[in-house]
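To start, the structure under review is shown below, and the notes come after it.
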Amino acid sequence: MAEAPLRERVRAVMDAHWRPEGYTVPNTDVYPWQWLWDSCFHAIIWAALGEPARAVGELRSALADQASDGFVPHVRYVTDPSFLEPFWGRAGTSSITQPPMYGHAVAELARRGVDVPADVVAAAEAGIRFLVDHRARSDDGLVTVVHPWETGCDDSPRWDHWCGPGGWDPARWYDVKGELLSTVERSTCGSPLANPAFAVAPAGFNALVAFNAAELGLHAEAADLAAALERRWEPALATWVDGAHPSGRVRTADALLATLVPTRTDRRRREAAFAQLDEADAFGGRYGPPAVHRDEPAFDPGAYWRGASWPQLTYLLWRAGAPVGDRLVSGARASGLAEYWHPDTGAGLGAVPQSWAGLALLAAEPSSPFGSVPAR
Ligand code: GLC
């Protein structure tokens with residue numbers, strides 16, 4: 001039997017993952033709750049599927065537990081508010097955030113002719129303002145995260161420094177991630193402001209804050225972060241680094257998201273960043289760029305955040321102008337719309353199917369700016 005076209009497959013997964021409460025779960029077994037950046041991507045996928053009500057509804061629900069100061073929690077336990085309550089110290093949601101992709105979602109929905117209500121736009125703006133105005137900054141002016149989970153790149157080798165002197169060890173890292181929650185400093189309403197035990201201002205996260213700010217028209221905020229990011233460029237590594245600690249210099253795909261940021265762009269940096277996506281010993285990959293540069297000791301193409309290819313990163317690099325749309329589509333197809341996949345074989349890894357793999361649909365659209373990919 002012939003394989004169903006990509007659009008039908010994405011539609012079937014999104015329908016199966018849609019919840020009556022008005023959002024899409026990433027995967028029914030592994031991720032049965034609502035995640036913030038996932039939902040922002042889902043809203044875009046729903047819009048591409050011609051479902052504006054679901055697109056707006058999902059975005060609104062992702063922002064529904066926003067605090068009065070603008071903080072947006074990264075997981076909502078809608079159907080069981082007591083789930084993990086002792087762990088997070090609050091009921092119903094987590095107590096940290098994730099990349100603020102709601103700015104891009106608002107703008108992309110509008111570009112697709114979806115009417116995004118003013119309250120949703122205002123909530124998205126407030127979310128960015130929380131990060132820009134209330135979140136602790138690094139000495140060089142970038143926004144810090146309070147926990148590795150806030151980056152969405154949970155086990156990235158950029159955090160290995162915090163795993164301790166023995167280096168990366170999954171069991172130890174699991175414990176460290178738990179411990180790091182205890183040192184988060186919070187506002188009077190509980191919003192996470194700083195973490196002295198993890199005072200990192202990642203290049204990738206800041207690129208996404210700046211990009212999402214720009215998408216909402218918050219250009220001064222975006223330009224401010226973009227200027228600070230420019231100072232993080234490391235020519236010898238052809239990437240933007242996180243800081244002085246050695247693991248902050250590991251070459252990761254998410255750091256290349258600085259190419260999303262509108263600056264007085266140094267064209268040579270952009271070219272150097274993108275050139276690596278075509279190099280077989282760097283970030284090349286038939287099914288998408290690996291999350292970690294192949295020459296890094298940490299590189300492992302089958303491992304969670306340590307070398308596999310992630311569809312949402314490939315999508316964002318494609319939006320930044322990198323010619324990787326065809327790889328996103330091939331990987332989504334070959335992997336069965338997986339959470340992430342092997343960059344060379346396309347073998348599905350993690351949760352399968354995962355909703356955000358549906359982002360491939362955008363790269364397959366005939367009108368896509370970087371060339372269409374046949375939808376079969
Ligand atoms: C994993 C990913 C994170 C994602 C979540 C739900 O934790 O690392 O980025 O949001 O799964 O898909």
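Only this structure's heavy atoms are used, side chains among them; waters, hydrogens and symmetry mates stay out. Just follow the structure's listing: the first ligand is 1, and inside any ligand the first atom is 1.
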Open item on the list: Check this for me, if you would: do Arg129 and Asp69 make a salt bridge, where the nitrogen-to-carboxylate-oxygen distance has to be below 4.0 angstrom?
Closed with: no

TODO: Please determine if Arg90 and Glu85 form a salt bridge, counting it only when a charged side-chain N lies under 4.0 Å from a carboxylate O.
DONE: no

Open item on the list: Name the residue from Tyr340, Trp37, Tyr31 that meets the ring pair (Phe, Tyr, Trp, His ring centres under 6.0 Å) definition with Trp356.
Closed with: Trp37

Task: Close aromatic pair by centroid cut-off 6.0 Å: Phe211 and His104 - done: yes

Show the distances, to 0.1 Å, for all pairs joining an N/O atom of ligand 1 and a protein N/O atom that are shorter than 3.5 Å, listing one pair per line.
residue	atom	partner	partner atom	Å
ligand 1	7 (O)	Asp154	OD2	3.1
ligand 1	7 (O)	Tyr304	OH	3.2
ligand 1	8 (O)	Gly152	O	3.2
ligand 1	8 (O)	Asp154	OD1	3.0
ligand 1	8 (O)	Asp154	OD2	3.3
ligand 1	8 (O)	Tyr304	OH	3.1
ligand 1	8 (O)	Trp305	NE1	2.9
ligand 1	9 (O)	Trp37	NE1	3.0
ligand 1	9 (O)	Gly152	O	2.7
ligand 1	10 (O)	Trp37	NE1	3.0
ligand 1	10 (O)	Asp38	OD1	2.6
ligand 1	10 (O)	Gln98	NE2	2.9
ligand 1	11 (O)	Tyr31	OH	3.4
ligand 1	12 (O)	Asp38	OD2	2.7
ligand 1	12 (O)	Gln354	NE2	3.0

Open item on the list: Less than 6.0 angstrom from the centroid, inside 45 degrees of the normal: does Arg172 satisfy that with respect to the ring of Trp162?
Closed with: no

Open item on the list: Name the residue from Gln34, Glu58, His17 that meets the side chain to side chain donor-acceptor pair (under 3.5 Å) definition with Thr24.
Closed with: Glu58

